[in-house]
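Note that ligands are numbered from 1 as they come in the structure, with each ligand's atoms numbered from 1 the same way. Computed from a predicted structure; not experimentally measured.
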Amino acid sequence: MAERVVKIGLLGSGTVGEGVQDIIFGDGKELAKRLDCRLEIEKIYTRSPKSKHWHDKFPDKFTSRPDDIINHPEISIVAEALGLERPEDAKLVASYIIKALQAGKSVVTANKAVLAAYGQKIHSAARKNNTQLRFEASVAGGIPIIRTLGEGLASDNVTGLYGILNGTCNYILSGIRNEGKTFTDALRQAQKLGYAETNPEADIKGYDTRDKIMVLLQLLYGIFVKKDDVATEGIESLEKIDFDYASRKLGTNIKLLGSITRSGGEVTATVSPIMINDGHVLSRVNGALNAVLIDSRHCETMCLVGKGAGAGPTANSIVSDIISIASGAHFGPCAAPLKFNRHLDKDGLYRYYLRFLVMDRAGIVSDILGHLKNNQVNVDEVLQLKHSAEEKVYFREKLGVKCDPDKILPFIITLDPSKESAVNKAVKQIKAKGQDFMLIEPVVIKILPDLPDVTGV
Ligand SMILES: NC(=O)c1ccc[n+]([C@@H]2O[C@H](COP(=O)([O-])OP(=O)(O)OC[C@H]3O[C@@H](n4cnc5c(N)ncnc54)[C@H](OP(=O)(O)O)[C@@H]3O)[C@@H](O)[C@H]2O)c1
């Protein structure tokens, strides 16, 4: 019997695109032994073919025209691994994906930013043209989270998902907690090792995690929201002092979590730094690793941990999607969308940590407590660590605090489980009234003591 050949067009030949070429050109024969077909890269689109690793060996496969792939009659699967040099490029990349789907090709994409912004149009084009859209590489790189949710848990009912989805942030937070680095030094180290971009905004402000959470909302619940609908906070205001309080006073660690929770027919999603108990499986995920904790009705709690980025893991996810399509498997986003609620502001979902840096003078703590009380927010404890002279000089210099270091007073207040809206209102009032004593804006971190865990690990 003649060998079945599946022809692939590859848009993009950067880190991930070359990783895909390495697997298919390098391991193609080995793969063919395991599959009932041979994968063949027919064309590769890049603006600079001659600079590419595999160009010398396969010059005819390279093209500088994306249409050579989108309109190619024999290509049945398009793998999209284009970067976005400017945010506006998302529209162009979305148009390539949609045109390929309209031409009857299946598409595999690594691009969470494009799916977050244009997911509804893209999924709809796949449905209308009866083709497949796969996006395993777009969330958590090498961790097979999309297939776990879309296939592995297809008969289950996911009620909660908590993800460490950005390796750069996790690397920075681990550096502060485990090596006592300042935020600035941990970020610099991440940039030196290539984990963080020169402009790290999308990572540290939580936007990258938000895009991934939006991709998961689309898959799990058929929910397509706008970026602003997902309340998003980054890690840029966290400092070593917060990790000192977290570990020495509260027995917790701080992680940037993308969270999705379902309550009945309603779903909410947020991205923010969260304090979780030391010893919790997510608290122990360090460095640039990613992790996803899933809570579901039948399987209860499971956790997947692994590499969230890099040529090898990400390219593996793309090629695995290609293999899955070639073998005839099929799955898509939930067909009956649930309702999305930006604020499921349920009483008692979170406890809170408030960190203040004030000018040392009488009456400040009681003023702050007064505002909390007026908003029916119950205080658990007021706590203060001993701060070294060095630490106070750091506050003055790095945080731009204009004050005699001896007069700087850091302290924290922890709150009982409270409504987020009430906490936000109280903090807004404290900020407004505290202009003359507050040295920098208070830092608010949610504490999630009841996060489901996988025990016994
Ligand atoms: N790197 C990772 O670990 C990782 C992990 C998960 C997901 N992803 C996703 O995978 C995709 C590719 O990432 P990457 O790290 O491989 O990026 P990269 O190394 O920067 O490569 C980007 C590729 O896209 C092309 N490109 C960028 N802007 C373009 C434009 N305006 N028009 C045409 N081509 C353009 C580049 O073209 P030239 O070849 O012409 O220079 C290059 O081939 C992104 O969506 C990224 O979010 C990456």
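- Side-chain contact between Lys212 and Val215: absent, with no pair of heavy atoms (C-beta onward) separated by less than 4.5 Å.
- Ring pair Phe135/His123: centre-to-centre distance below 6.0 Å.
- Look at Glu239 and Arg355 and you find no salt bridge, because none of the NZ, NE, NH1 or NH2 atoms lies under 4.0 Å from a carboxylate O.
- Sorted by chain and number, the heavy-atom contacts of ligand 1 below 4.0 Å come from Gly12, Ser13, Gly14, Thr15, Val16, Tyr45, Thr46, Arg47, Ser48, Lys52, Ala81, Leu82, Gly83, Glu85, Asp89, Ala110, Asn111, Lys112, Ala137, Ala309, Gly310, Thr314.
- The line from CG of Leu82 to CZ of Arg47 is 8.5 Å long, rounded to the nearest 0.5 Å.
- If you take CD on Glu74 and NZ on Lys7, they are separated by 4.0 Å, rounding to the nearest 0.5 Å.
- Remark: Lys61 is positioned above the aromatic ring of Phe58, its terminal NZ or CZ atom under 6.0 angstrom from the ring centre and at most 45 degrees off the axis.
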